[in-house]
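Computed from a predicted structure; not experimentally measured.
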Amino acid sequence: GGTNLLEIQGGQAWIEEADCPDGLCINMGKISMSGQSIVCLPHEVVVEIISSDAKDGSGADDLDVDVFAN
């Protein structure tokens, strides 16, 4: 167990705070493009940008956020 604080703002995502021993997830910086990711191995957290635009024909232009946590 542990805590990671994920910030999402202005089309970017980053780990603002984490209590993991190495803090590498914080040092990974901000991500904003499809395929980029942030990983925190001690807490088993992966944040990945899947797509930045709707290609499903829905016409939605807002970003959807899916969260998986265990």
Side-chain angles (χ1 to χ4, degrees):
T3 302
N4 294 74
L5 175 62
L6 174 67
E7 292 278 339
I8 302 173
Q9 188 175 71
Q12 298 181 318
W14 66 95
I15 301 293
E16 181 70 27
E17 297 176 17
D19 61 3
C20 52
D22 57 16
L24 291 176
C25 56
I26 296 170
N27 294 332
M28 295 181 101
K30 297 179 179 182
I31 60 174
S32 60
M33 297 173 51
S34 183
Q36 290 183 313
S37 61
I38 299 171
V39 179
C40 179
L41 289 178
H43 293 163
E44 299 179 6
V45 171
V46 177
V47 178
E48 181 179 9
I49 299 179
I50 303 297
S51 177
S52 60
D53 50 58
K55 294 183 180 178
D56 61 359
S58 67
D61 55 4
D62 292 335
L63 296 177
D64 294 328
V65 176
D66 293 325
V67 177
F68 300 93
N70 60 16

>> Using only atom types and a distance under 3.5 Å, with no angle test, would you say the side chain of S34 pairs donor to acceptor with the backbone of I50?
In response: yes
>> Let me confirm one number: the SG-CE distance from C40 to M28, rounded to the nearest 0.5 Å.
In response: 9.5 Å
>> Would you say that I31 contacts E48 through its side chain, given a criterion of any heavy-atom pair below 4.5 Å between the two side chains?
In response: no
>> Once rounded to the nearest 0.5 Å, what's the spacing between atom CG of N27 and atom CG of D22?
In response: 8.5 Å
> Checking D19 side chain against G2 main chain: does a donor-acceptor pair fall under 3.5 Å?
Replying inline: no
>> Working to the nearest 0.5 angstrom, can you tell me the gap between S37 OG and I49 CD1?
In response: 9.0 Å
>> Ignoring hydrogens, what is the shortest heavy-atom contact between A13 and I38? Give both atom names and the distance.
In response: O-CD1, 3.8 Å
> To the nearest 0.5 Å, how far apart are CG in L5 and CD1 in I15?
Replying inline: 7.5 Å
>> Can you confirm whether more than 12 heavy atoms, excluding those of Q9, are under 6.0 Å from its CD atom?
In response: no
> When rounded to the nearest 0.5 angstrom, what is the spacing between CD in Q12 and CD in E7?
Replying inline: 11.5 Å
> So if you build clusters from Ile, Leu, Val, Met, Phe, Trp, Tyr with side-chain heavy-atom gaps below 4.5 Å, do I26 and I8 land together?
Replying inline: yes
>> Contact between C25 and N4 at the side-chain level, heavy atoms closer than 4.5 Å - yes or no?
In response: yes
